Each structure stands twice: as C-alpha cells, then as structure tokens.
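For the numbers below, each heavy atom of this structure counts, side chains included, while hydrogens, waters and symmetry mates do not. Quantities reported herein were computed from a predicted structural model and do not represent experimental measurements. For the single chain, residues carry numbers from 1 onward in sequence order.
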Amino acid sequence: MQEETRANRYLVPRGDEPYESLLEIKRSEFIGHIKRVSTVEEARAYIESVRKTYHDARHVCSAFIIGADRDIQRSSDDGEPAGTAGVPMMQALLARQTREDGTTDLSDVVAVVVRYFGGIKLGAGGLVRAYTDSVVQTLDGALFDSRERLRVGKVPSSHADAGRLENEIRAAGLNVLGTEYGAEGATISLGVFDRPEELARAEELVVSLSSGAASVTWGDTQWVDLPV
C-alpha cells in the first residue's frame with residue numbers, strides 16, 4: 001500500500017553516512033551529527049550507536065523528524081536542563097530553509113549532539129544557543145536530495161528512436177527513470193511531479209518530441225530522490 005500524505009515533496013539528507021561537525025564553546029565540545037533515517041527504530045538505533053561511540057560523554061542529546069508530513073517528531077535533553085537541548089535542536093531542524101522560496105520541509109532526519117563539559121557553565125540561554133548552533137553548523141556541511149512523489153509514466157518507442165527520445169525528454173526537464181529494451185521495442189519510464197498541470201505538460205512534450213508517434217501511459221506514484 002502506498003503511503004498517504006499531504007506533501008508531494010520534502011528534503012532529506014543525501015546518502016547513508018552521517019554528517020558531523022565540531023563546535024567549541026568555553027572549553028565545552030559539542031559534536032554534531034546529522035543522518036538520514038526513515039523510521040523511529042532507525043533513529044533510535046543511530047542515537048544509541050552514537051552513545052556507545054562517545055560512551056564517556058556527559059550528554060548525548062537528540063531530535064528527529066520522520067515522514068513527508070513531518071508528523072513524527074521526538075527530542076531528548078539527555079540530562080541537560082529541560083528545554084535547553086532537544087527542543088532547540090528540533091526547532092533548528094524544523095526551521096531549516098530548504099528551498100529558495102524559504103520553504104521549510106526537511107524530514108527523515110535525526111540530529112545528535114554529543115557534549116563534553118569543559119568546566120564552565122553556559123547557563124540555560126547559552127545551552128540553547130550551543131545546541132542550536134551545533135545542529136545548524138552540521139546542516140550547513142550536509143548535502144541534500146529532494147524526495148518527490150512522482151507519477152510514473154511509460155512511453156513506448158522503437159529501438160532506433162529510444163536514445164534520441166530519452167535525451168530530448170530529459171533535456172526538456174522531465175525526470176527519466178530508465179529505459180527497458182524488449183523484443184518488440186523500448187519503453188522509457190519518466191517521473192513527473194504529481195500535479196495535473198505537470199502531467200498535462202509532460203503529455204504535450206512527449207507528443208511533440210515524438211512527432212505524434214508516442215504518448216504517455218500513467219501508472220502509480222512513487223517516491224524518488226532527486227539531487228538539489
């Protein structure tokens with residue numbers, strides 16, 4: 001069963017490996033980690049793996065957001081004064097502007113900040129700023145993909161025309177997901193942002209590029225990661 005969501009796209013950290021950064025404030029070290037996750041279990045498992053790696057640290061604070069609609073949100077202060085770590089970390093994730101128009105849609109992400117106490121107390125305000133800045137700094141060094149819900153279309157073509165048609169479809173700004181070659185001909189798969197005007201535009205382009213020889217047959221939707 002396909003996931004039912006209100007959102008058609010959101011931003012995710014690129015790749016399976018975590019991004020890390022180090023922030024030093026008044027001799028305290030704040031080691032930030034950002035990683036892509038898709039379930040609560042994955043997020044908690046990663047938090048525990050960081051805790052084991054930094055087993056001698058005083059605090060391992062965390063926050064994560066999961067889902068296209070960002071409906072799963074959890075945070076932990078891990079012994080810091082209430083509201084000074086996990087919630088500010090969560091707010092840094094939620095407030096991250098991910099697109100040129102100021103959209104904030106970062107999800108499927110866990111942030112973990114490890115703190116080694118340097119002997120100088122920072123106060124509640126100082127802790128809020130430190131944990132926020134640690135997440136922001138780590139995000140600044142991360143790469144992202146746009147996870148988009150695309151309607152998948154199939155375009156039939158002859159073997160002779162498939163390469164040209166695929167290149168021209170891609171050059172027109174559509175997402176080519178692959179081409180299958182069979183005994184009777186080729187089938188180009190394309191993904192189009194799941195909105196009526198985008199689907200209509202794709203249909204017109206395919207008819208035009210193939211001089212009327214091909215049309216799009218639409219299938220299901222699927223989530224696809226596209227470089228930002």
Within this structure, what is the OG-CZ distance for the pair Ser49 and Arg44, rounded to the nearest 0.5 Å? 14.5 Å
Salt bridge (charged side-chain N to carboxylate O under 4.0 Å, His left out) assessment of Lys52 paired with Glu48: CA-CA 6 Å; Lys52 289 179 181 179; Glu48 288 308 308; over 6 Å; no
Please answer whether the main-chain N or O of Arg151 pairs with a side-chain N or O of Thr221 as donor and acceptor at a distance below 3.5 Å. no
Is there a side-chain contact between Thr138 and Glu20 in this structure, where contact means two heavy atoms from C-beta onward sitting under 4.5 Å apart? no
Side-chain donor or acceptor of Asp108 paired with backbone N/O of Gly67 under 3.5 Å: yes
Could you tell me if the side chain of Arg96 sits less than 4.5 Å from the side chain of Leu106, heavy atoms only? yes
Hydrophobic cluster membership, Tyr46 vs Ile34, 4.5 Å side-chain cutoff: no
Looking at Arg147, Glu198, Arg149, which one forms a side-chain hydrogen bond (donor to acceptor under 3.5 Å, both in side chains) with Asn8? Arg149
Which atom names give the shortest non-hydrogen contact between Val135 and Ala92, and what distance separates them? CG1-CB, 3.8 Å
Spacing of Asp194 atom CG and Arg9 atom CZ [to the nearest 0.5 Å]: 13.5 Å
Should His33 and Val114 count as side-chain neighbours, where that means a heavy-atom distance under 4.5 Å? yes
Can you name the closest pair of heavy atoms from Ala214 and Pro156 and give their distance? CB-O, 3.6 Å
Euclidean distance, Ser76 OG relative to Met90 CE, rounded to 0.5 Å: 10.5 Å
Does Tyr19 reach the main-chain N or O of Arg14 with its side chain, forming a donor-acceptor pair under 3.5 Å? yes
Does Ser21 reach the side chain of Phe30, with side-chain heavy atoms less than 4.5 Å apart? no
Quick check: closest heavy atoms across Gly15 and Arg36, and the distance to 0.1 Å? O-CB, 3.9 Å
So do the side chains of Arg58 and Arg115 get within less than 4.5 Å of each other, counting heavy atoms only? no
Is the side chain of Glu166 donor-acceptor paired with the backbone N or O of Val176 at a distance under 3.5 Å, no angle test? no
Any side-chain heavy-atom pair of His159 and Tyr181 under 4.5 Å: yes
Going by atom types alone, do Gln97 and Thr104 pair a side-chain donor with an acceptor below 3.5 Å? no
Exercise: identify the closest heavy-atom pair between Ser146 and Glu148: OG-OE2, 2.9 Å
Taking side chain as C-beta onward, heavy atoms only, is Val37 less than 4.5 Å from Ile66? yes
Tell me if the CD atom of Glu197 is crowded by more than 12 foreign heavy atoms within 6.0 Å. yes
Are Val128 and Val87 connected in a single hydrophobic cluster, I mean Ile/Leu/Val/Met/Phe/Trp/Tyr linked by side-chain heavy atoms less than 4.5 Å apart? no
With a sphere of 6.0 Å drawn around CZ of Arg170, does it hold more than 12 non-hydrogen atoms of other residues, nucleotides or ligands? yes
Return yes if some donor-acceptor pair links the side-chain N/O of Ser157 with the main-chain N/O of Ala162 below 3.5 Å, else return no. yes
Worked verdict on Glu204 versus Arg201 for salt bridge (charged side-chain N to carboxylate O under 4.0 Å, His left out): CA-CA 5 Å; Glu204 292 173 2; Arg201 172 179 172 270; over 6 Å; no
Assess whether side-chain contact (heavy atoms from CB on, under 4.5 Å) is satisfied between Thr187 and Thr179, documenting all intermediate values. CA-CA 6 Å; Thr187 301; Thr179 300; over 6 Å; no
Which heavy atom of Ser107 sits nearest to which heavy atom of Pro13, and what is that distance? O-CD, 3.9 Å
Let me know which of Thr84, Asp77, Thr132, Ile25 forms a side chain to side chain contact (heavy atoms under 4.5 Å, CB included) with Leu127. Thr84
If hydrophobic clusters are built by linking Ile, Leu, Val, Met, Phe, Trp and Tyr wherever their side-chain heavy atoms come under 4.5 Å apart, do Leu94 and Leu139 end up in the same one? yes
Is Leu22 reachable from Tyr54 through a run of I, L, V, M, F, W or Y residues, each pair having side-chain heavy atoms under 4.5 Å apart? yes
Please indicate whether Gln73 has more than 12 foreign heavy atoms, meaning atoms of other residues, nucleotides or ligands, lying under 6.0 Å from its CD. yes
Using the rule given for side chain to side chain donor-acceptor pair (under 3.5 Å), can you reason through Asp101 versus Thr103, listing the C-alpha separation, both sets of side-chain angles and the distance that settles it, and then say yes or no? CA-CA 6 Å; Asp101 62 1; Thr103 298; 2.6 Å; yes
Once you measure the plane-to-plane angle for Trp223 and Tyr10, does it fall in the parallel (<30°), tilted (30-60°) or perpendicular (>60°) bin? perpendicular
To the nearest 0.5 Å, what is the distance between CG on Asp161 and CG on Leu209? 11.5 Å
ILVMFWY network linking Leu122 to Phe117, side-chain heavy atoms under 4.5 angstrom: no
Going by heavy atoms in the side chains, are Leu11 and Val109 under 4.5 Å from each other? no
Approximate separation, where rounding is to 0.5 Å, of Arg51 CZ and Ser62 OG: 7.0 Å
The single option from Ile47, Val112, Thr39, Leu93 that satisfies side chain to side chain contact (heavy atoms under 4.5 Å, CB included) with Phe64 is Ile47
Could you tell me whether the side chain of Lys154 and the main chain of Gly219 form a donor-acceptor pair under 3.5 Å? no
Applying the side chain to side chain contact (heavy atoms under 4.5 Å, CB included) test to Asn175, which of Ile169, Val192, Leu190, Leu150 qualifies? Leu150
d(Cys61 SG, Tyr131 OH) to nearest 0.5 Å is 3.5 Å
Give the intermediate values and the outcome of side-chain contact (heavy atoms from CB on, under 4.5 Å) for residues Leu199 and Trp218. CA-CA 9 Å; Leu199 300 178; Trp218 298 110; 3.8 Å; yes
